[in-house]
Undergrad: 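Following this message is one structure expressed as structure tokens.
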Amino acid sequence: MIIYNGIIEKSNFETDISFVGHILSIEEILYLMKSLSPDFVEVNDNIYLLSNYKSCGTENNRFDNSKQGKEKYINTISISDVFYFSEDQQSHNKSVQIDIGNFILQFWKMRLLYLFPDKEFEFILSENNLFDESGVCITFCQIIK
Amino acid sequence: MQIHSGPPNSYTNLNNGHVVVYGPEGKPIFDIDAYRVKGVFYNTTPSGKVIPSFGNSTKFNGPTPKSLIDFFGL
């Protein structure tokens with residue numbers, strides 16, 4: 001017998017799905033799931049988070065306009081900012097934010113590899129700032145072959 | 001979960017590199033650090049929960065103006 005562990009340690013599907021069913025509302029479940037599987041967009045062979053690409057309005061930025069630089073900049077999300085105003089003090093713990101950032105990247109990785117099997121991606125977690133975003137940040141870009 | 005709030009029409013330096021500006025209702029309306037300025041917008045979910053949002057879509061173009069950095073001591 002070979003056990004293939006889930007992405008998050010100490011998982012027990014029966015217990016975990018019971019928690020989801022009894023504690024979380026349908027709305028909370030859907031928002032969480034949507035954040036793990038965001039919309040992506042392909043522009044000029046570059047892959048971006050759709051919401052971030054729309055926000056930027058252009059592929060160019062003031063830091064790095066190489067192909068990888070454009071993707072890294074536009075795809076950057078500050079995990080710390082997500083929890084910035086949270087009253088849950090546990091969410092301000094850097095190690096918790098790093099774990100959550102890594103979990104999100106794992107789900108994005110699965111989706112991107114499914115959508116673009118011919119492309120290779122680099123997934124990055126920065127513990128201290130990335131471009132003009134502060135705190136724990138995540139991003140991704142294509143690996144140039 | 002409650003939304004962070006502060007004195008109306010004021011600001012506070014969080015001493016972690018960020019300054020939060022509070023609006024007339026005491027809700028955060030700007031988050032400023034030495035690199036960028038973000039506005040804080042509020043979305044309401046279908047069930048009526050108010051969610052603060054200051055992702056990339058709320059970021060002002062360009063770096064934080066030097067005048068703000070100096071004023072807030074960032």
Side-chain angles (χ1 to χ4, degrees), chain A residues 23-32 34-35 38-39 41 48-63 71-94 97 104 126 128-139, chain B residues 1-8 10-66 68-69 72-74:
Chain A
I23 303 297
L24 301 181
S25 68
I26 294 299
E27 184 176 66
E28 289 168 340
I29 295 168
L30 290 176
Y31 271 93
L32 173 61
K34 286 196 292 183
S35 71
D39 295 334
V41 62
Y48 301 114
L49 284 167
L50 177 60
S51 60
N52 282 17
Y53 176 74
K54 283 181 175 177
S55 302
C56 291
T58 173
E59 289 190 277
N60 296 321
N61 64 75
R62 57 190 166 96
F63 296 97
E71 290 181 322
K72 280 182 186 174
Y73 178 77
I74 290 180
N75 292 325
T76 296
I77 296 284
S78 169
I79 299 297
S80 299
D81 276 9
V82 171
F83 296 106
Y84 202 65
F85 295 134
S86 172
E87 297 288 340
D88 182 349
Q89 291 304 309
Q90 189 182 5
S91 71
H92 298 170
N93 185 316
K94 193 170 193 175
Q97 295 178 359
I104 292 173
S126 169
N128 294 297
N129 311 333
L130 197 58
F131 299 111
D132 55 357
E133 294 292 340
S134 58
V136 176
C137 298
I138 57 174
T139 190
Chain B
M1 194 174 292
Q2 294 183 333
I3 293 176
H4 175 86
S5 61
S10 69
Y11 68 88
T12 185
N13 190 325
L14 299 180
N15 296 316
N16 62 358
H18 289 254
V19 165
V20 175
V21 179
Y22 302 100
E25 298 175 350
K27 293 193 297 187
I29 56 173
F30 292 109
D31 169 55
I32 304 168
D33 68 19
Y35 306 102
R36 88 290 182 274
V37 178
K38 283 184 178 178
V40 184
F41 296 93
Y42 293 86
N43 298 313
T44 303
T45 70
S47 71
K49 291 177 183 169
V50 178
I51 308 296
S53 171
F54 60 132
N56 292 35
S57 66
T58 69
K59 187 159 56 182
F60 285 61
N61 288 332
T64 304
K66 186 175 183 304
L68 288 181
I69 293 174
F72 290 119
L74 293 169

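To find a chain, count down the sequence lines: A is the first, B the second, and so on, and within it residues start at 1.
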Undergrad: Check whether any side-chain heavy atom of B:Tyr35 sits under 4.5 Å from a side-chain heavy atom of A:Glu133, and report yes or no.
TA: no

Undergrad: Is the shortest heavy-atom distance from the side chain of A:Ser25 to the side chain of B:Lys49 under 4.5 Å?
TA: yes

Undergrad: Between B:Lys59 and A:Tyr73, what is the shortest heavy-atom contact and its length?
TA: NZ-OH, 3.7 Å

Undergrad: Sort A:Leu49 into side chain, backbone, both or neither according to what part of it lies under 4.5 angstrom from a heavy atom of chain B.
TA: neither

Undergrad: In terms of heavy-atom proximity below 4.5 Å to chain A, should B:Asn16 be classed as side chain, backbone, both, or neither?
TA: side chain

Undergrad: Please lay out, stage by stage, how A:Tyr84 and B:Val40 fare under the test side-chain contact (heavy atoms from CB on, under 4.5 Å).
TA: CA-CA 11 Å; A:Tyr84 202 65; B:Val40 184; over 6 Å; no

Undergrad: Between B:Val20, B:Asn61, B:Thr45, which shows the greatest number of heavy-atom pairs under 4.5 Å with chain A?
TA: B:Thr45

Undergrad: Within this structure, what is the OG-CG distance for the pair A:Ser134 and B:Asp31, rounded to the nearest 0.5 Å?
TA: 7.0 Å

Undergrad: Any Lys/Arg nitrogen of A:Asp81 or B:Arg36 sitting under 4.0 Å from an Asp/Glu carboxylate oxygen of the other?
TA: yes

